[in-house]
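Order of the sequence lines fixes the chain letters, A, B, ..., with proteins taken first and strands second; residue numbering starts at 1 for each chain.
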Protein chains: 2
Amino acid sequence: MASDSKAVPDQASRRRQIARAALNCFRRSGFHGASMQDICAEAGMSAGALYRYFPSKAAIIVAIAEAERESHALMFQPLEEAADPLAALQELGANFIRQQLDGTSELLTADVLAEAARNPDVKAALERNAAFAHETVTRALLRGQDLGVVDPDLDVAAACHLIIALGDGLCTQLGGPAQLSADRIVQALQTMLQRFCRPVGGRA
Amino acid sequence: MASDSKAVPDQASRRRQIARAALNCFRRSGFHGASMQDICAEAGMSAGALYRYFPSKAAIIVAIAEAERESHALMFQPLEEAADPLAALQELGANFIRQQLDGTSELLTADVLAEAARNPDVKAALERNAAFAHETVTRALLRGQDLGVVDPDLDVAAACHLIIALGDGLCTQLGGPAQLSADRIVQALQTMLQRFCRPVGGRA
DNA sequence: ACCTGAACACCGTTCAAGT
DNA sequence: ACCTGAACACCGTTCAAGT
């Protein structure tokens, strides 16, 4: 709290405005497909003006990735509190897939991953997101072990790695050859998570 | 067989030479990071010459993707013949992960996926690869059901979708926050596949 | 103080001109 | 016949000049 709270658009809301415009453009044409001119037009300002608020195109991606982390935090919330963390993880997976097929999802597209390979700031932002997801899922599985709903011999860290890779893969996937219904994929995912994580003896 | 078999470099070997040079450049700097000038330099020819053999930068990716499909076919071979298709799938997964962590792998990077979102030819090439993988894994699981090593109630198509998404995710992943050993990931993957696919009653 | 938009150094691609 | 490399239309980014 250093200065502001005026009626004129401040730095932060300007940045949000630009990020929102950019997100529209990226969704339409991808990160490299959308030009700065497009983004400027969509945001209703000139190139020079935009560069007052973001030092580069990549910096816009970083801002979007950071916003995405907040929305993930919301999505992951139930994992922390649920009475049955494994059931909550299955539920989360179902929501995730539905959101993915809706196209409602924000933007963890292949484009962004590709940019991360070249730009250290983007890479760092995505790694923060991945670390957050990893930690949250890890905590849920450990708690599941304490509660007896997760196999106590499961290698939780390695399992998380796979589960998150699966999530990433579902994000970037090309529809798939056959057109499977969301329900069938959701069902299969729940079966996979259940069988993979539950204690070896039991059926629940 | 229309014309050739001379000592001078023919069309096909020229194309291979360019594709190899491009692959080196892409590995170094990614698809967008590598300029055509870089590729020309690496291949030892001018821009005009290169464009005699490939109509665009994207066309080079398509050629690489097609070569990758052949190498996948080789990798998937055991699935078709193995006495235990589920065991063969686990083995394939282990090889896949090791190859991934070696950096030995060809190029199903985020870059290429990103390009597919914008270029229909690249997209078509990747879809051919995905369809091939999907069909092969599907056949293996169906055969596993016949042989009694795979749960007869498993939704094979949906399971394949998840397994291939997992493979894609492992390809594009950013190392992961913690540095897990390949062995632990391999072990977890085998557990996951085994528990997911085997008949519900049994242990083998 | 803040914005504009032409200018800069690049990119992928083309094509007149060379050999 | 095949190749060269300057030229073209773009891109992300900058910065003199305006208000």
Side-chain angles (χ1 to χ4, degrees), chain A residues 2-4 6-15 17-19 21-23 25-26 28-64 111-112 114-122, chain B residues 2-4 6-19 21-26 28-64 111-112 114-122:
Chain A
S3 53
D4 61 346
K6 287 278 137 179
V8 287
D10 57 8
Q11 173 100 358
S13 66
R14 219 67 146 140
R15 280 175 58 98
Q17 171 197 0
I18 293 167
L23 189 53
C25 292
F26 293 157
R28 221 179 292 129
S29 345
F31 179 63
H32 276 100
S35 75
M36 287 304 256
Q37 297 299 340
D38 296 338
I39 298 170
C40 290
E42 179 99 13
M45 62 181 68
S46 71
L50 191 154
Y51 275 86
R52 291 203 143 266
Y53 299 99
F54 285 100
S56 71
K57 202 181 183 186
I60 304 179
I61 284 262
V62 170
I64 293 174
D111 265 296
V112 180
E115 195 51 27
R118 221 156 315 109
N119 184 303
D121 293 336
V122 174
Chain B
S3 53
D4 60 347
K6 288 275 138 184
V8 286
D10 57 7
Q11 172 101 356
S13 66
R14 221 60 148 147
R15 279 174 60 97
R16 270 194 302 275
Q17 169 197 2
I18 293 168
L23 188 53
N24 289 338
C25 292
F26 293 157
R28 221 180 292 129
S29 344
F31 180 62
H32 276 100
S35 75
M36 287 304 254
Q37 297 299 341
D38 296 339
I39 298 171
C40 290
E42 180 99 12
M45 63 181 67
S46 71
L50 190 152
Y51 275 85
R52 291 204 144 265
Y53 299 99
F54 285 100
S56 72
K57 201 181 183 184
I60 304 179
I61 285 261
V62 170
I64 293 174
D111 265 298
V112 179
E115 195 52 27
R118 221 155 315 108
N119 184 303
D121 293 336
V122 173

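- When heavy atoms are screened at a 4.0 angstrom cut-off, A:Ala34 is found touching the sugar-phosphate backbone but no base atom.
- The minimum heavy-atom distance between A:Ala19 and A:Ile60, with the atom names listed, is CA-CG2, 4.3 Å.
- With A:Arg15 contributing its side chain and A:Phe54 its backbone, the two residues share no donor-acceptor pair below 3.5 Å.
- Rounded to a whole Å, the CZ atom of B:Phe54 is 16 Å from the C1' atom of C:dT13.
- Straight-line distance from the CZ atom of A:Arg52 to the P atom of C:dG5: 16 Å, rounded to whole Å.
- A close approach under 4.0 Å does not occur between any side-chain nitrogen or oxygen of A:Tyr51 and OP1 or OP2 of D:dT14.
- Spacing between atom NE2 of B:His32 and atom P of C:dC10 amounts to 18 Å, rounded to whole angstrom units.
- Here C:dC11 presents its P atom at 18 Å from CZ of B:Arg118, a figure rounded to the nearest Å.
- Residue A:Met36 comes nearest to A:Tyr51 through the heavy atom pair CE-OH, 3.3 Å, listed as atom of the first residue, atom of the second, then distance.
- A close approach under 4.0 Å does occur between a side-chain nitrogen or oxygen of B:Tyr53 and OP1 or OP2 of D:dC3.
- Under the Watson-Crick or G-U wobble criterion, with both distances below 3.5 Å, D:dA1 is paired with C:dT19.
- DNA chain C lies under 4.0 Å from at least one heavy atom of each of the following residues of residues 35-48 of chain A: A:Ser46, A:Gly48.
- The pairing partner recorded for D:dT13 is C:dA7, the criterion being a Watson-Crick or G-U wobble arrangement whose two distances lie under 3.5 angstrom.
- Remark: B:Glu42 CD to B:Arg28 CZ distance equals 4.5 Å, nearest 0.5 Å.
- Atoms OG and OH, on A:Ser13 and A:Tyr53 in that order, are 8.5 Å from each other to the nearest 0.5 Å.
- Put simply, CZ on B:Arg52 and CZ on B:Arg14 are 10.5 Å apart, with the number rounded to the nearest 0.5 Å.
- The aromatic rings of B:His32 and A:His32 sit parallel to each other, their planes meeting at less than 30°, with 60° as the upper class boundary.
- Regarding A:Lys57, its NZ atom lies at a distance of 15 Å from the P atom of C:dC11, rounded to whole Å.
- Proximity of B:Arg14 to the phosphate of D:dC3: a side-chain N or O atom is located under 4.0 Å from OP1 or OP2.
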